[in-house]
Amino acid sequence: MEQIKEILNSFKFKGDLESVEPFGSGHINTTYIATYNEDGKERQYILQKVNTNIFKNIDELMDNVFAVTSFLREKIKENGGNPHRETLHYIKTDTGSKYYRCDNGDCYRAYRFVDKSVSYNSVDSAQVFKKSGIAFGRFQKYLSDFPATTLAEIIPNFHNTIWRYENEFIPAVENNLSGRADTCQAEIQFVKDRKEDCSRLVNLIEKGELPIRVTHNDTKLNNVIFDEDTDDAICVIDLDTVMPGLALYDFGDSIRFGANTCAEDEADVSKIKINLEYFKAYAEGFLSECGESFNQCEIDNLAFAAKIMTFECGMRFLTDYINGDTYFKTAYPEHNLVRARNQFALVKDMEDHMTEMEDIIKNIK
Ligand code: ADP
Ligand code: GN1
Ligand code: MG
C-alpha cells in the first residue's frame, strides 16, 4: 500500500489522503478506492492498475476512454442528464498524462468515484436488471453517432467467436500447457459440438445483415453502477473494450451474467438456469432505449446472442484453465474450470428454452 500511496500523489486529487483499499470484483484490472478529506468534505477516487498483459497499448486505450467519456458528457448534457454522475471522470496526472507509469512499467489511471453509488454482482429483482438494460441501451444509443473510425480496436476479434475457437481454444487444447486437458474432456467436447454456432454472427456481418455499431462489449452487471438510494442505474463503467461491435454482443453478455439464476462461478451446476423473467425484463429495458434503430436480423438474433455470448465466455474460461490461468484472475486452482462448467450449464438450459426466449422477444416488439 505504501507504493499505492506514492502513486496517488501523482494525480491531482484535492484534500488529504485518509485511506486506500482494494475495491470491486473485476477479473482484469486491479482496483483501489482512495478516500480524501478536503476541508472536512469526503472525496473518493478510484485508482486502477491497468492489466497491461491484456491491454498492450495503454496510450490507445486511454485515448479511447477519454474520447468516449468526453463524448458521452456532451450527450448527457444535451439530454438533460447529470454529467457528473452519468459518465466517468478520469483525472490526469500532475504532468498532464492520462495515466501514470511507474519505474517498473506498471500503469495506473484514476477517476472520480461516483458518490453514493454501488455495483452488484448478482441481480435480486427483475426491476433492477431492467434498469441496467436501460443504462446499457442508452449507452449504445448515445454512442450511435460517435466517430467509430477514431476508436482504436483495443482487443481485435474480442467477440469473434469462431476466431476464438480456432485461434485460442483449439491451440490451447493441442498445446495443453498446463497438462490439465485430461481433466476437462467433457467440457472440451461440449465446445467442439457447438463449433457451427461460433460462425453464425460473423457470417451475418459478412453478408451485411448485421450492422457494426459502437458497443461496450463487456456488459456484465458489475460494469454498471447504481444509485445507493433509488437503485437507478446511473453510469456505465469499465470502458476498456468500447469498440466497434454488435448490439447483440452487449445484449447477450448482460443476459449471460444477470439472467443466470446463480453467480458466474457457482459450482453446483444443478442450480444453474436461465431466469426468463429477468431475460424479459432486461430485453424490455435495453430495447426501450436502443431497439428502435435495430433491423430485423438484430431482433431475430437476440435470443441466440444470449446463448452464444454465454458459450464464448465459457470457452474463454476453459481455454484459460487449459493454458494455466494466465488471463482471468482466479481465487483457487479450479476456478476457471468451475466458471466454464457454469457457463456451459447455462448454455444447455438456454438451448432447452430457446423457443420461449424467442417468443419473449417477439412479444416485445
Ligand atoms: P475490471 O476490468 O477489472 O472489471 P472495472 O473498471 O470493471 O475493472 O472495475 C472493477 C470493479 O470495481 C467493478 O466491477 C465495480 O464492482 C467496481 N467499481 C469500479 N468503479 C466503480 C465506481 N465508480 N463505483 C462503484 N463501483 C465501482
Ligand atoms: C472480464 O473486466 P471484467 O471483469 O468486467 C472480461 C470479459 C468477460 C468477463 C467474465 C477485457 O470482464 O470479457 O466476459 O470477465 N473482460 C476482458 O466475467 O476480457
Ligand atoms: Mg469490470
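Counting begins at 1 with the first residue of the sequence. Read the numbers this way: they start at 1 and go in the same order the structure lists the ligands and their atoms. These numbers come from the heavy atoms of this one structure, side chains and all, not from hydrogens, waters or symmetry mates.
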>> Asp253 vs Lys220, test: salt bridge (Lys or Arg N to Asp or Glu O under 4.0 Å). Steps then yes/no.
In response: CA-CA 6 Å; Asp253 197 44; Lys220 63 184 189 183; over 6 Å; no
>> Could you work out, with side chain to side chain donor-acceptor pair (under 3.5 Å) as the rule, every residue matching Asn64, not counting sequence neighbours?
In response: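 Testing Asn64 for side chain to side chain donor-acceptor pair (under 3.5 Å), a comparison that skips the adjacent residues, returns none.
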Whether [Y] and [X] form a salt bridge (side-chain N of Lys/Arg under 4.0 Å from carboxylate O of Asp/Glu) is what I want to check.
X      : Y      : answer
Lys14  : Glu38  : no
Arg138 : Glu289 : yes
Asp115 : Arg43  : no
Glu351 : Arg194 : yes

> So Tyr111 and Tyr45, ring-ring contact (aromatic ring centres under 6.0 Å, His included) or not? Walk me through it.
Replying inline: CA-CA 6 Å; Tyr111 57 85; Tyr45 301 92; 9.7 Å; no
Using only heavy-atom distances, determine whether the side chains of [X] and [Y] contain a donor-acceptor pair under 3.5 Å.
X      : Y      : result
Asn175 : Asn323 : no
Tyr249 : Thr215 : no
Asn336 : Asp325 : yes
Tyr99  : Asp59  : yes

>> Using 30° and 60° as the class boundaries, would you call the ring planes of Phe136 and His216 parallel, tilted or perpendicular?
In response: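 If you compare the ring of Phe136 with that of His216, the planes turn out perpendicular.
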>> Would you call the rings of Phe251 and Phe279 parallel, tilted or perpendicular, taking 30° and 60° as the class edges?
In response: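 Phe251 and Phe279: perpendicular rings.
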Distance from [atom] to nearest protein heavy atom, with residue and atom:
atom                    : value
atom 16 (O) of ligand 1 : Ser119 OG, 2.7 Å
atom 20 (N) of ligand 1 : Tyr111 OH, 2.6 Å
atom 1 (P) of ligand 1  : Asp238 OD2, 3.5 Å
atom 24 (N) of ligand 1 : Phe113 CE1, 3.1 Å
atom 14 (O) of ligand 2 : Arg256 NH2, 3.5 Å
atom 6 (O) of ligand 1  : Gln48 NE2, 2.8 Å
atom 4 (O) of ligand 2  : His27 N, 2.7 Å
atom 2 (O) of ligand 2  : Ile28 CG1, 3.2 Å
atom 13 (C) of ligand 1 : Asn222 O, 3.4 Å
atom 25 (C) of ligand 1 : Ile225 CG2, 3.3 Å
atom 26 (N) of ligand 1 : Phe23 CE2, 3.3 Å

> Below 4.5 Å, heavy atoms only, C-beta onward: do Phe71 and Thr87 meet side chain to side chain?
Replying inline: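 SC-SC contact between Phe71 and Thr87 ruled out.
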> What part of Phe257, side chain from CB on, backbone N/CA/C/O, both or neither, has a heavy atom under 4.0 Å from ligand 2?
Replying inline: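 Answer for Phe257: neither.
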>> Tell me every residue that passes side-chain contact (heavy atoms from CB on, under 4.5 Å) with Asn301, counting only those two or more places apart in sequence or in another chain.
In response: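 Only Arg200, Leu201, Leu204, Leu248, Cys297, Phe304 meet the side-chain contact (heavy atoms from CB on, under 4.5 Å) criterion with Asn301.
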Show the atoms of ligand 1 that are less than 4.0 angstrom away from any heavy atom in [X].
X      : result
Ser117 : 24 (N), 25 (C)
Gly24  : 11 (C), 12 (O), 16 (O), 17 (C)
Ile28  : 2 (O), 3 (O)
Thr31  : 9 (O), 10 (C)
Ser25  : 11 (C), 16 (O)

> Which atoms of the protein, restricted to N, O or S, are nearer than 2.8 Å to the Mg ion (ligand 3)?
Replying inline: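 The answer, once waters are left aside, is Asn223 OD1, Asp238 OD2.
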> Which option out of Asn223, Asn29, Val114 puts a heavy atom nearest to atom 3 (O) of ligand 1?
Replying inline: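 Looking at heavy atoms only, the winner is Asn29.
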>> Please compare Tyr327, Phe55, Phe328, Phe317 and report which has the shortest non-hydrogen distance to atom 17 (C) of ligand 2.
In response: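 Of the listed residues, Tyr327 has the closest heavy atom.
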> Can you name the nearest heavy-atom pair linking Ala340 to Gly314, along with the distance?
Replying inline: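 In terms of heavy atoms, the two residues are closest at CB-O, 3.6 Å.
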> For Pro147 and Thr150, which heavy atoms make the closest approach, and how far apart are they?
Replying inline: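 That would be O-OG1, 2.6 Å.
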Mark up the atoms of ligand 2 that fall under 4.0 Å of a heavy atom belonging to [X], in ascending order.
X      : value
Glu264 : 10 (C), 18 (O)
Asp238 : 2 (O), 3 (P), 5 (O)
Cys313 : 10 (C), 14 (O)
Lys220 : 3 (P), 4 (O), 5 (O), 9 (C), 10 (C), 12 (O), 15 (O), 18 (O)
Gly26  : 4 (O)

> Does Arg316 come within less than 4.0 Å of ligand 2, judged by its heavy atoms?
Replying inline: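 Right, Arg316 reaches ligand 2.
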> Of all the heavy atoms in Asn223, does at least one lie under 4.0 Å from an atom in ligand 2?
Replying inline: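 Yes; Asn223 lies near enough to ligand 2 that a heavy-atom distance drops under 4.0 Å.
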> Does an N or O from Arg112, backbone or side chain, lie closer than 3.5 Å to an N or O of ligand 1?
Replying inline: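 Among all N and O atoms of Arg112, none is under 3.5 Å from an N or O of ligand 1.
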> Between the main-chain N or O of Glu42 and the side-chain N or O of Asn37, is there a donor-acceptor pair closer than 3.5 Å?
Replying inline: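 Flag not set: sc Asn37 to bb Glu42 has no pair under 3.5 Å.
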> Is there any N or O on Asp218 that sits under 3.5 Å from an N or O of ligand 2?
Replying inline: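 Between Asp218 and ligand 2, an N or O pair is found under 3.5 Å apart.
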Listing, residues 4-12 side-chain donor-acceptor contacts under 3.5 Å, not counting sequence neighbours, or none:
| unit_1 | atom_1 | unit_2 | atom_2 | d |
| --- | --- | --- | --- | --- |
| Ser10 | OG | Ile7 | O | 3.3 |

>> Would Phe317 and Phe328 count as a ring-ring contact (aromatic ring centres under 6.0 Å, His included) here? Give the steps.
In response: CA-CA 8 Å; Phe317 287 142; Phe328 296 104; 4.7 Å; yes
